[in-house]
Every structure is written in structure tokens, then in C-alpha cells.
J.: 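After the C-alpha cells below, expect a handful of questions from me.
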2 protein chains.
Amino acid sequence: MRDVARRAGVSVKTVSNVVNDFPHVSTATKSRVLAAISELGYRMNFSARNLSLGRTGMITLAVPEMRLPYFAELSDEVIVAAAERGYTVLVERTGGLRERELEVLTSDRRRMTDGLIFSPLGLRPADAHRLEVDYPLVLLGERSLHGSVHHVAMGNVAGARAVTEHLLERGRRRVAVIGSYDARGAGAGSLRTQGFTEALAEAGIEHDPRRTGEAIEWTRATGAEAMRRVLDRGIGVDAVYGLNDVLALGAMRVLFERGLRVPEDVAVAGFDDIEEGRFSCPSLTTVQPGRTEIARTAVWLLVDRIARGEPAVAGGRELVVGPQIITRESTGGAVESA
Amino acid sequence: MRDVARRAGVSVKTVSNVVNDFPHVSTATKSRVLAAISELGYRMNFSARNLSLGRTGMITLAVPEMRLPYFAELSDEVIVAAAERGYTVLVERTGGLRERELEVLTSDRRRMTDGLIFSPLGLRPADAHRLEVDYPLVLLGERSLHGSVHHVAMGNVAGARAVTEHLLERGRRRVAVIGSYDARGAGAGSLRTQGFTEALAEAGIEHDPRRTGEAIEWTRATGAEAMRRVLDRGIGVDAVYGLNDVLALGAMRVLFERGLRVPEDVAVAGFDDIEEGRFSCPSLTTVQPGRTEIARTAVWLLVDRIARGEPAVAGGRELVVGPQIITRESTGGAVESA
DNA sequence: TTGTATGCGTTATCAG
DNA sequence: CTGATAACGCATACAA
């Protein structure tokens, strides 16, 4: 930049003004500077700018794994939303492990960016105080672990309720649930289980715990295993609710292997509305949690907080995005959209 | 850091030495400095370090879209491999658009990181010279667009050949191909088409172009559309080769809708070995391109080049990772592993 | 082994 | 509207 200044016969400050498109620059000097810039092939040094500005124009997105379709699709949305606001996204992979999640919150690497959008999975309620960080933070995806942190939640309970009710309306009474009870009590698992339980209770149905297939990780493989365990107990099942779509798809795979027809013998529903479920055979009834809105809202909240330089621990807002049930072939096709 | 130095009664330099774990520091002063650091809650400023060092410890990964399972799984692997080498990954989303891809190569944002791992999709051979950049660059996934750039390729032709031969060995003769011919000639599409064509030719079979379903984008939806077009031409089809797995799964969905059984009526195979194909109904025969090895190799090549500060345009190496065919239910189950 | 001085490339301040 | 100069926080000679 100094070279450019010399070549254009102006000061460094003026070059900076031109580069940053500041208002008070005469057209003449501006074009002279621009000429010098292109002649010298000058490119700005971001590290220097970051140091001077105290900001980096990057935000961190911390998710369990990219290979989980929900997080892949979410990341896409976050990256797009961030780009709209002029931010680039640094991805941290936690594997859903509590250790790694705590590490991300305090790591040095995190400090390279202006803020964090964090989708915790392994964190327990007892870890809530660890979320009182001194940088902009927005939590994603489940119930607030800590009231003072911005948080964009999905309607886990409502969605789970609605989809369970849908199964019951289809005349199913022996509904298996695939996933984890998540005894920690704050995660999506327990909330979705809660919605499921509530719907059953309301219909006067008692859930037989033998129809619960637990799964710590939420993958197709663990969903399949959980489904096998339930079926192997020899208890009748006429519907399966997967706590998310990949679990449901894993379960569906096992039903296929055992020669059970979906939805004739067993209806299947999931949660997340990943694209895969629109093309599975049969296509999967699910809950659309409002992923796009969640991502956009999270980015906006974070960028706002960054812009106004607020301390992160001040008045966190909890925004809940409404879920929408999408009925497809796996429960017998469209009936209603609640 | 100055505060820490003052508090510990040493110089800034000494603090820096401690933080960076330099050898020649006495244990006494070291512990005194560490104490001061924790008392003051000091954290290093990365922007400053980056400015001084001229490196950032970040690399950029440019992919079309995260929601495409292949790239989601690839990203996961790259992130893990980068972490092993102490690097963090910044994700750029190109959408597979040529414009965006060219932009990524020269953008200011790119300059925030030490190097680029780039999976081009829209770039044409004519754009090859645009790859002569002055920073460490590693290309991913297809044939070399430019000889002087490091490049990790998969065995597209060999894999496509093998999987087509597998279909032919199963007695199929009317094989449809779903995807794009990619007339630009350098992309995975044309290479995989080439392998397909070669295998047919070797078996003395002439490919009827009416059995080609083109698709610019490679998604489940475009795969389904392409399959529909082929079937609607009324020409017989006893096998389908999707140029990648999501295309094949989209095609399989259409076969399902039309009441065609897989593999009895129509055998189906894909390319990529995404996890989804292991759990689809039926499970999908495919080509495992060596994703993990590709990601690891790319990261190592890039980090090496960064470490030794070589100009990017010097002697690019092309490494080809061998593909492996994986036979599953969609072609009638395991027969051989080539 | 540790301190001092200087540079990294930008932005901000405050004159002019 | 523009220029000189001081931060920004750390690393790296080189000196002690």
C-alpha cells in the first residue's frame, strides 16, 4: 500500500480511503490511485486490516458432523446467509462430543473469528455457565441452555407431537420410537421424545418401553440397529417414529430387510425434512423445522451483535421457529398439513 | 501481552517465547509467565500473529454445495485432515458456477488463508490459465485442468468402466446412463461417461442415445427427471448407471414410482459411495472413489507446499486414487470386488 | 537465557 | 479533501 501511495503520489491514508470506498475522495486522485493499484497488482492484506480493525469478517460455525445431512443442509444455509452479510464461515467439527464442544467455546482458534454459531449436542445443562462467553454467540437448534445467550430454537416438542398425532390419526396404536431419550434433558432428543409421549398420552395410549429403540448417535446405522433391537423383542409394531430422518431411514431399511411393507404394515415418520427423505422409497413423512429461517435468523442475530459490539452475556433472546409437518408415502400419503 | 510481561516482570519477547513453547526458557520464568497469563486471562491475538508471521493457519475449501452428500462427506474428511495438521478450514460455496469458481480463485477473501483446496465443477479447459495463481493450490476430483497445479484425482474412467462391466456381467444389455455428457470435456461427467462408453464398446454393445438422460446439476431431483425422460421415450431399459449416487438414487425413485423392480427389472448403479446408498432400499451398487485418501492427500500436499513456501505454479503433481467397486442389492448383490 | 528495537500493512486521529 | 504519525499485538533479529 505504501508502494501504491508512492506511485500515485499520495499518502497511505488516501489509498486506504480509496480502497475502502470512503466518501471524501476527489475523483481525480481516486482514479490515479486505482491506476497505481492495478499497475502494481496490489492486494490488501487482511491480517493487517483485521489487526487494525479488531474484526476479521469471519464467523465460526460449530456443528457435530458435516456428513449428517441435517447439518450439511444447515451449513449451506448459514454460509449463504453469512455471505449476504459479508461474512465468511469457518467450520468447526465437534463430533457431538462434549469435550470438543467445550473446547470450541474457549479455543484460541475460535478467537480468530468475530463470533460463533453453535449447535451443541453433547453439552449438559450443568455446562450452561460455560456459555457465558465474552464474544458474540448464538445457540442453535434446541432448548436454551442458558437464558442470557441468543438462541434460535426449533419447535421440537410441537413438531414431535404433530407427527405422532398424524400416526395416531392413521389408526396406528403400536408406535415405536427410534432414538435416544437423552436423559440429559435439554437436547433435541428429550424434547422430541416429550412431544411424542404427550401425543400418546393425550390419545390415552400407554407407551410400551419395549417399543423404544435407543440411539446415542443419530445416524442411519444406529437407527437401523435400534429398529432391529425393537423388532427382535417380538413386540408388535405398526408405526415407527424416528427422532430424526436418518434414524427413520435406517429403521425403514431394517423393515425392508425383514419384509415388512411401509406404510401398509408399518408407517414411518421422521424429523428434519432432509432432501433424502423426499426421494426415499417410500418417501418419508417428516417435520420441516424451518431450517432456512433458523440459519438466517442466527446469522442476523450474530452479525447484529457483532456490529454493535455488545457483550454476549446481555439479554439473550430465544426465537422459536415454527415446525411444519410434511406427510408423504411412508405414512400413507398426504392427509393434512398442520 | 505487554501487560503479562509487566506482571511477570519479564519482556514481551519472553512471553512470546513461552506462548510459542520455545526451547530456551528457564523453568522458573516460564512458570512465572504462565501464572501471569492465567491471572490476567490473557489470550493471544491471532490477527497480530498472522500479520507478523505472514501465515494464518487457515486453508480454504471451495466446494459446490454442502448439501450434496459427496461434498459433505468430503468436507468432513478435509476438516479432520486439516485439524491433524493444525489447520482450520474456511468453506467457500461455489454452487458449481463458473463465475463463482473464478471469483474464489482471485477473491480477497481467499487471501485471508494460506492456501486453497478447490473442487471445480463449472470451470472449462479454456480457464486453465486462471489456475496459475501465486498461492498454494490443490485441485480435487477430476482430471488435471492445468499441468502445473497439484492435483488429486479419482479414477473416474476406471471406476465407471468397472461398474459398467459389472452391469454387463449381470446380463444387462440395455443400459441407460443418467447424468451429463459434460461436453466441456474435463469434468467428472465426461470421464465417467467415457468409462461407461468404453465398457460398452468392449462388449460390442452400441449405446442408444435415447438411453442417455442428461443432467447439468447432479442431484436427486435432476436424476429423477432424467430417468423420467428416458423412460418416457418408450425404449427398453434393463439397467441404469447414474454418473453419481444421488443421480442413481433419483433414478431409482422414479423406477419405484413406475412400478419397476430393482434389480429384477432394472439394475441400478452409481458412483461415489455416499453413506445414503448403503441404506437405500435396495442398497446401491457404486464406486468408492477413495474419498478419505483424496482428502488426506490434498491436505498434505497443500500443507507441504505452504510450509516450504513454494510458488504454486511449480511442478504440479497429479495423484490418482484408485477406485473400488462395491456391489450391493441394486444390481443383485455382491459378486466380486474389483 | 533474556531484553531492546524494529517491522508487519492497515486504520484512526488530528492537523493542515 | 489530504498528509504525517501513532497505534494494533506479536515475532524476529541482534545485543546484552
Side-chain angles (χ1 to χ4, degrees), chain A residues 1-37 40-58 86 88 108-114 134-135 306-307 309, chain B residues 1-37 40-58 86 107-114 134-135 306-307 309:
Chain A
M1 182 177 268
R2 201 168 43 211
D3 299 332
V4 175
R6 194 156 28 220
R7 173 141 192 157
V10 298
S11 81
V12 189
K13 169 59 178 168
T14 305
V15 177
S16 173
N17 284 342
V18 171
V19 170
N20 293 315
D21 225 33
F22 270 24
H24 303 299
V25 190
S26 76
T27 337
T29 54
K30 180 167 182 176
S31 60
R32 210 164 65 240
V33 170
L34 288 176
I37 285 179
L40 270 56
Y42 161 80
R43 323 263 0 215
M44 224 211 359
N45 179 317
F46 270 86
S47 294
R49 153 179 280 193
N50 295 341
L51 174 59
S52 201
L53 249 41
R55 302 184 301 97
T56 64
M58 302 185 288
T88 311
D108 286 338
R109 264 153 69 174
R110 214 292 320 160
R111 306 192 74 258
M112 286 197 295
T113 66
D114 298 336
D134 59 356
Y135 54 82
I306 291 169
Chain B
M1 183 178 267
R2 201 170 41 213
D3 299 334
V4 175
R6 194 160 26 225
R7 173 141 193 159
V10 299
S11 80
V12 189
K13 162 65 177 167
T14 307
V15 178
S16 174
N17 284 342
V18 172
V19 171
N20 293 316
D21 225 33
F22 269 26
H24 303 299
V25 190
S26 76
T27 336
T29 53
K30 179 167 181 174
S31 60
R32 207 162 68 242
V33 171
L34 287 176
I37 284 180
L40 269 55
Y42 161 81
R43 324 268 354 220
M44 223 215 355
N45 179 317
F46 270 86
S47 295
R49 152 180 280 195
N50 294 341
L51 175 59
S52 201
L53 248 42
R55 300 185 302 97
T56 63
M58 302 185 288
S107 89
D108 286 338
R109 264 153 69 173
R110 213 294 318 160
R111 307 192 73 257
M112 287 197 296
T113 66
D114 298 336
D134 59 356
Y135 53 83
I306 291 170

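Reckoned from all heavy atoms, side chains included, excluding hydrogens, waters and symmetry mates. Throughout, protein chains are lettered first and strands after them, A, B, ... in sequence-line order, and every chain is numbered starting at 1. Note that the coordinates shown come from a computational prediction; the quantities given were computed from them, not determined experimentally.
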J.: Does dT11(C) have OP1 or OP2 sitting under 4.0 Å from an N or O in the side chain of Ser16(A)?
T.: yes

J.: Does the distance from a Lys or Arg side-chain N to an Asp or Glu carboxylate O, for Asp108(B) and Arg111(B), drop under 4.0 Å?
T.: no

J.: Has Arg110(A) got a side-chain atom pairing as donor or acceptor with Thr113(A)'s backbone, closer than 3.5 angstrom?
T.: yes

J.: May I ask you to say what Val19(A) touches in the nucleic acid, namely base, sugar-phosphate or nothing, with a heavy-atom cut-off under 4.0 Å?
T.: nothing

J.: Take Thr29(B) and Val18(B), measure what side chain to side chain contact (heavy atoms under 4.5 Å, CB included) needs, and give me the verdict at the end.
T.: CA-CA 9 Å; Thr29(B) 53; Val18(B) 172; 5.9 Å; no

J.: Indicate yes or no for a side-chain donor-acceptor contact from Ser52(A) to the backbone of Ala48(A) under 3.5 Å, with no hydrogens or angles considered.
T.: no

J.: NA contact type, Tyr42(A), heavy-atom cut-off 4.0 Å: base, sugar-phosphate, or nothing?
T.: sugar-phosphate

J.: Is the phosphate of dT1(C), meaning OP1 or OP2, less than 4.0 Å from a side-chain N or O of Thr14(B)?
T.: no

J.: Give the rounded distance in Å between these two atoms: NE2 of His24(A) and P of dT11(C).
T.: 17 Å

J.: Separation of Leu40(B) atom CG from dG9(D) atom P, in whole Å?
T.: 14 Å

J.: Any base atoms under 4.0 Å from Arg43(A), or only sugar-phosphate, or nothing? Heavy atoms, all strands.
T.: sugar-phosphate

J.: To the nearest angstrom, how far is Asn17(A) atom CG from dC14(C) atom P?
T.: 16 Å

J.: Quick test of your reading of the model: are Asp21(B) and Lys30(B) salt-bridged, counting only N-O distances below 4.0 Å?
T.: yes

J.: I want to check one thing: is the phosphate of dT2(C), taken as OP1 and OP2, less than 4.0 Å away from some side-chain N or O of Thr29(B)?
T.: yes

J.: In whole Å, what is the span from the CG atom of Leu53(B) to the P atom of dG9(C)?
T.: 13 Å

J.: dT2(C) P sits how many Å from Arg6(B) CZ, rounded?
T.: 19 Å

J.: Tell me which one of Arg7(A), Met1(A), Arg6(A) satisfies side chain to side chain contact (heavy atoms under 4.5 Å, CB included) with Leu40(A).
T.: Arg7(A)

J.: Name the closest nucleotide to the Phe22(A) side chain, picking from dA12(C), dT2(C), dG9(D).
T.: dA12(C)

J.: Separation of Met44(B) atom CE from dA11(D) atom P, in whole Å?
T.: 6 Å

J.: Reckon Ser52(A) has a side-chain N or O less than 4.0 Å from the OP1 or OP2 of dG9(C)?
T.: no

J.: Of Leu51(B) and Ser11(B), whose nearest nucleotide on DNA chain C comes first from the 5' end?
T.: Ser11(B)

J.: Could you tell me the separation between the CG atom of Asp21(A) and the C1' atom of dT11(C), rounded to a whole number of Å?
T.: 16 Å

J.: What is the distance, rounded to the nearest whole Å, between atom NZ of Lys13(B) and atom P of dT12(D)?
T.: 7 Å

J.: Is the distance from OP1 or OP2 of dT11(C) to the nearest side-chain N or O of Arg49(A) less than 4.0 Å?
T.: yes

J.: Just to be sure I understand the rule, does Val25(B) reach a base, reach only the sugar-phosphate, or reach nothing, if contact means heavy atoms closer than 4.0 Å?
T.: sugar-phosphate

J.: How would you label the contact of Val12(B) with the nucleic acid (heavy atoms, under 4.0 Å): base, sugar-phosphate, or nothing?
T.: nothing

J.: Identify, between Asn20(A) and Arg2(A), the residue whose nearest nucleotide on DNA chain C lies closer to the 5' end.
T.: Arg2(A)

